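All remarks here apply to the structure that follows.
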Amino acid sequence: MKIYSTNGTTTLFDKVRASRSGYDQGRRTPTPLDSTQGWKTALRNGRTSPIRRMSPWPAPTGLRHAERRGRFALVLALVSVLGVGAEAAPCSPDHSPEPLRLVALYDGVRMPDPRDSALHRLAEAPLNHLGYRLDYLDVASPLPESPLDEDVAGVISWFDRPLADAGTFTEWATGLRTECGRRPQHIILGSPAVPLAGAISPAAARYLALAGLAHDGPERAVTPYARVIGADAAMVGFETGFLPSVGTQASVLATETAVSHLALSPTGRETEPRIDLVVTAATGGYANAAAVVAADPRLGDPLWILNPFSFFETILGTDPRPAPDTTTLTGRRMFFATVQSDGWLSLDPARRLGETGNIAATLLLRDLVARFPDLPVTVAVLQGDLDPSTAGPLAAAGEAAAREIFSQPQVIPATNGHDLVRDWRRLHAASEPSVSTRDEVAGAARGEEAALSYAFRVLGGVFDPHARKPETDDARKYFKAPFDPNREIGGALAATAELAETAQDQPLFLWPAGANPSAQDLDLVEAAGTIGLGGGPVASMPHVPHLSALAPVSAPDHRLVYDALPADAAFSAISALPVGALHGMNQTLTWTEEPRRLAPFHLAFSARSAQRFDTRQAISKALEIARSGDYHVTTASDYVRIATGFQNMRADRTGPKTWRIRDRGALQTVRLDRAEGLAVDLDQSDGVLGARRRGESLYVALDPGVIEPVLRVIEEDAPSGIARGAARPALLDSGVPVRRAAAAGCQTTFVFAPRVGARLTFQIPPGQPLPRASDVAPAPLRMVEEHADGAVTFEIEAAPETDPEIALTFSCEAT
Amino acid sequence: MTPVRRPVLVFVLFCLCAIVAVLVLRPGDALRREADLAAAVPTSALAELGGYVAYGPDEQAIAQMHAQLALGAGDFDLARNLLADLAANFPDDASLWDLLAHTEIVAGDFTTASTHLARAYGLDPTKPRRDRLGLLYRVLDRQPAEAALLVDAPVHELSMAELDRAVALLLAADRADEVIDLYLRHIAEGSAHAEMIKQKLVVFLIDIGRSDDARAYAISWIEHASQGGALSSDLVRSFIARGAIDSALTIAAHQMANGSDGMGQIVLRFAESGHGALARKLQSDWLAQAEDLSEDDWSALSQMAARTGDLSGLRSALFHHQTPAPAMLGEALLQFLRYYGPQALLPFRAHMGEDLSEAAPLVGAGFALEMSHPETAARLLARAKAEGLGPRDQLVWQSLADRLARQGAGVAIGEAY
């Protein structure tokens, strides 16, 4: 039985409450939110942040303060992963959760903040694409003994050297089991945690064997005559080729049952034993540090040598299963736009004597906001820019422009704070005790490691060749007042809300790239009743396609959702680049779409880009593409909610090729890869709107009105992705949010948001009549194309002035 | 001519000259158009310029402006055509080839971009151009072109990362001999990284089985180096790392026979790499014949003692060589204190004094304790703590503080803490 909205006014809060309080199938549920119906109402009614309520780790009240400490949030994540307090998992292969989570190991002594780890910066984005969520565990802390949740697929590490206590670690790792006794996959990138220079312990040997490795004696010299003697082109040479480098290498070989994908002859002599650098096995896999990525200072970011998709899929499995997808809505790539305040007051130079130039914000309004009233955009202001005491005489013009921009109906207000803190971690560190004081306190307990640990935390990724750093050294734009997180976040949000009196939505907090806010900073955003976006790693020069330019979906504690694509600043990473560089964002759009859709189209730019002709043109063109292309236009806040759903979603197998999707929040798309021969069995599914095939993937659109949809696929090579013979119509794609679908008798009604010009395509069962004018209410739809395969495309001709929804009813028989 | 007429005539003449000057100096049509376009809003300027035009020789500035506007507007075809015309007219202008390359990069055609950028680099080989071109070659997997670019780059401009990349590319192409030539050229032409390159070449030669050449080069470099000591210890480390112990010993012997510069560090290199017996023998031979010890030598001796616990070299040096500066002396005596306690300082009582306590308060405190001066010891312990203690010093400090407490110096111990 489906669950449909009764009044269309309920909120995400209600939905989450419903899922928490035992609401299940058979109950009517709220309508989920979309860009036009905010959760602001809920917040104004005194409800707390939706994000907190959607947290996968609902901590007991007594833990709440501790949870607010960032690292403890990670522990709570692990408590969740490790199955503490979880209900017993069913252990039948046909009735168990799909393993969609990975325990990500990091060495807290070397890298106290997992945000700096190579796992997070490099490996997490491709893993996220494959549908995996990473829960971080510091192996320098006491290791938990509980069994893992059944939905944990494996354990992944990317250490840069062996662990100090490798013995304890290997004993723990080799003993890991899930609740049903399954051994998780072990993925080792970089150093395998155990010293391999000499003899190794039996536990270490068992641990290596899990990754398909056998120790083959002491380290070996790699000479200039070293040669690659076996390279799997599907696994190695993804963005750049592998070249042997002179030095020493751990002597390891693939076990008899494992497969070597890259082997090296360290001396070039055939009689000498080889060294295996990339190995996969039934129980895990290994990739040597030299074969994962290659740093290139000319680019800034590293290039992948290893094909991470092939590697992870080979180890974690390739059977089609629903992976949470943050790139697509109703069959189309998502589009949303955010504007950072940088350059808000920047003056356009006068072209003639006596002429007064415009500030960038005015040009932003005129050319990039007002001209696109149909494209929602989240615009951030910096309160310091609007304050004459900090920004000077231009502040008044800046404030007037802000008010005017926020009065536009498609604009969602946001702020960057008051002073534009570019690196929150650095500012917090500056107020921490000095190194010597800290060392005194910690020295007795941990000796040299304390100082080392502190140095790593303060200096971040300085020691790491893959580390990316912000371009600027200025911690803040304005220094007039002392650093005050409350003023910077709560104060700025409140002031922005005042500026945006007529806006429907609560202001968002947009973090600049590289902001690295702490858990306490995120608490302040939540306390203000809103959500944030951004703050992730700084990407460099995305003209050159490279996977490491893409950030993971969110920060390690899953509380901060990052920008989905690099912002405009990244396109000018090389200062000497001439005019027109920002047009290169089209290349980013292309390589993140083909051959895999790796990210939604997030148009992230700054007010400064409205000022220059070429950057303004590039943004304008991007907006035109979003308007006219095959995109689903949405908002930044919707994306944040979808990304949050990504971190929580579970897919429980309930039968052969059948899954119940749980805890997905606002996430509305699941993707099945390698699904060429599969199609959605609409009649046996529940809460599925339709599907769209793209390459070898099948994007399945879920009904936002159903809390726990059931998806069933069958083996059928239907071009549309919908199995033939379905009794009801299916949505193939839509440029507007479909809020729910209702089936009554032989009628099916789709309810969607109105946007003039938007198109929706349905697959209609053979023989079923097309809807008549009276089947659409209240605004008219125009049929623009009747496809040969039975699909029909409609276009919204007009938007109702008062009603926020359009309903389209398909009848199964002509009347 | 009347007096009245003359000024009028002069005035008329002046006006005529002015008119002629205005006419002669009047900007040409192209220049005026250029000025108007520059002052116009870019969208209007682009609209006025329209589509592709084959510009005449006196309109090149307008052509360039048009190309820039087209590029800014994202009209790559128009920009490409205009820039191609310009580049044909001014083939030696590297900036035009840069712009063409940039246009292709933004348009996503890296292959054509690399051709244009190579042209620009050929005309004006700057580092930013080389970086961009090298990266394009890498992304396009054009290894021979990338190798050639890096190998031929001016020595003083090449970073170590670029040099390492060049070497890796040469080796992948079985061109090991060229690696040696490349390293030697960088050394000969005074690369900023020459010292590091020397070590790399030594390692490389050993790896390809030419240890004799490696040793010969090493001795030659040391002989000609202004700071042969530092270089020799670095090279010794390289030889040891590759297992060429004989060569490392040869370097050590060479240094001992030639003034012993850097011998302290050489000994330390042997000790660090697990060759303790060789290190002790070398140290003994060196100290037996050395006349003066540098600060670096004293530091190395202290490090050697701290690492191995073998204080014989340090003891010999303290008894038979000139006393070092207080800081070095303090560091040396600290090793005695650390391994054998305050009583081990007694043989060195002649060195004890205010200067030493000032430079090494822990040593001073140890000696004061041994001499039963708890107040002095407490004061120096407090100072040592205030100045900051490393993890090992912390243990020494704690041990001295415990002994102070055992001596019953209640008031004094309070001061120490």
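Lettering follows sequence order; numbering is per chain, from 1. Bear in mind the structure is a predicted one, so any value in this text is a computation, not a measurement.
Contact of B:Leu69 with chain A is made through backbone and side chain together, with heavy-atom distances under 4.5 Å. Of the two parts of A:Arg616, neither the backbone nor the side chain holds a non-hydrogen atom closer than 4.5 Å to a non-hydrogen atom of chain B. For A:Pro297, the part lying under 4.5 angstrom from a heavy atom of chain B is the side chain only. When heavy atoms are compared at a cutoff of 4.5 Å, B:Ala161 approaches chain A solely by way of its side chain, counted from C-beta outward. Contacts between B:Ile206 and chain A at a heavy-atom distance below 4.5 Å are absent for every atom of the residue. For chain B, no part of A:Leu582 is nearby; none of its heavy atoms comes within less than 4.5 Å. Residue contact with chain B, scored on non-hydrogen atoms closer than 4.5 Å, involves the backbone of A:Val222 exclusively. Heavy atoms closer than 4.5 Å to chain A are found in both the backbone and the side chain of B:Asp174.
Within the model, atoms CZ of B:Phe110 and NE2 of A:His543 stand 8.0 Å from one another, a figure rounded to the nearest 0.5 Å. Here CZ of A:Phe613 is found 6.0 Å from OG1 of B:Thr43. Values are rounded to the nearest 0.5 Å. Taking CG of B:Leu140 as the reference point, atom OG1 of A:Thr240 lies at 11.0 Å (rounded to 0.5 Å).
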Requested in this report: Output, in order, the C-alpha distance, side-chain angles, deciding distance and verdict of side chain to side chain contact (heavy atoms under 4.5 Å, CB included) for A:Leu243 and B:Gln143.
Outcome: CA-CA 11 Å; A:Leu243 297 180; B:Gln143 294 188 2; 3.9 Å; yes
Report task. Check step by step if side chain to side chain contact (heavy atoms under 4.5 Å, CB included) holds for A:Val544 and B:Ile105. Result -> CA-CA 8 Å; A:Val544 176; B:Ile105 288 174; 6.0 Å; no
Report task. Report the C-alpha distance between A:Glu239 and B:Arg138 in whole Å, list the side-chain angles of each, state the deciding distance to 0.1 Å, and finish with yes or no for salt bridge (Lys or Arg N to Asp or Glu O under 4.0 Å). Result -> CA-CA 9 Å; A:Glu239 291 173 340; B:Arg138 180 170 194 164; over 6 Å; no
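Remark: side-chain polar atoms of B:His102 are paired, donor with acceptor, to backbone N or O of A:Val579 under 3.5 angstrom. Between the side chain of A:His583 and the backbone N or O of B:Ala107 there is no donor-acceptor pair closer than 3.5 Å.
Between chain A and the residues B:Val139, B:Asp207, B:Val167, B:Leu99, the most heavy-atom pairs under 4.5 angstrom are made by B:Asp207. Ranked by non-hydrogen atom pairs under 4.5 Å with chain B, the options A:Asp296, A:Thr615, A:Thr267 are led by A:Asp296.
Using a 4.5 Å heavy-atom cutoff, the side chains of B:Ile208 and A:Thr223 are not in contact. At least one side-chain heavy atom of A:Arg298 sits under 4.5 Å from a side-chain heavy atom of B:Arg165.
The local environment of CD in A:Glu594 is crowded, with over 12 non-hydrogen atoms from other residues, nucleotides or ligands closer than 6.0 Å.
What you find for B:Arg242 and A:Val246 is that their closest heavy atoms are NH2-CG1, 3.3 Å.
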